[in-house]
Amino acid sequence: MKTGPVIAIAAVAVAVIAIGAYMIDFDVTDEGSMPEVSVEGGELPEVDAEVGTIETGTTTETVEVPDVDVDVDTEEKQIELPTVEVNPPSDND
């Protein structure tokens, strides 16, 4: 899998999450409270864990690759692109 599309998808996901968080305006109307709970001290369980190892490295191989020559003619054109306008909620305090 090529890394370019993966990075682009990740960037779009981060942008969507950031815009989503920017579009929300929370107003606290009532202060909450936690219930009162009485707890006695506890103890964490004892755990013995055996883990494996991972070794990484590189190797050099000789492979046959094609020699490709491409001639591309380009010209400038005007095209219509979509636009996006983001309006966050207004502060009406």
Side-chain angles (χ1 to χ4, degrees):
M1 178 178 246
K2 294 185 179 183
T3 58
V6 173
I7 292 172
I9 291 170
V12 168
V14 168
V16 167
I17 291 170
I19 289 172
Y22 184 64
M23 297 293 293
I24 299 172
D25 182 22
F26 291 105
D27 293 324
V28 178
T29 58
D30 184 23
E31 290 187 26
S33 64
M34 295 293 294
E36 292 188 25
V37 178
S38 174
V39 178
E40 295 180 18
E43 187 176 313
L44 292 175
E46 187 174 316
V47 177
D48 290 328
E50 293 182 23
V51 295
T53 60
I54 298 175
E55 295 181 18
T56 60
T58 60
T59 184
T60 302
E61 298 288 332
T62 302
V63 295
E64 193 173 311
V65 294
D67 181 20
V68 179
D69 295 322
V70 178
D71 294 326
V72 178
D73 295 329
T74 61
E75 63 182 61
E76 289 187 6
K77 287 188 176 182
Q78 289 188 345
I79 60 172
E80 192 170 321
L81 298 174
T83 60
V84 175
E85 184 176 329
V86 177
N87 298 314
S90 61
D91 289 333
N92 295 331
D93 294 331

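Given the structure is predicted, the values throughout are model-derived calculations rather than measurements. Note: hydrogens, waters and symmetry copies are ignored here, and every other heavy atom, side chains too, is used. Starting from 1, each residue takes its place in the sequence as its number.
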What's the spacing between E75 CD and D73 CG if we round to 0.5 Å?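 Taking CD in E75 and CG in D73, the distance rounds to 9.0 Å.
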Apart from I79 itself, which Ile, Leu, Val, Met, Phe, Trp or Tyr residues share its cluster (side-chain heavy atoms under 4.5 Å, direct or through members)?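 Members other than I79 - counting any ILVMFWY side chain reachable under 4.5 Å - are L81.
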For residues V84 and I19: do they belong to one hydrophobic cluster (side chain heavy atoms under 4.5 Å, members Ile, Leu, Val, Met, Phe, Trp, Tyr)?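 Yes; tracing contacts between hydrophobic side chains, which count when under 4.5 Å, links both residues.
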Does V65 reach the side chain of V63, with side-chain heavy atoms less than 4.5 Å apart?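 A side-chain contact exists here, since the closest heavy-atom pair is under 4.5 Å.
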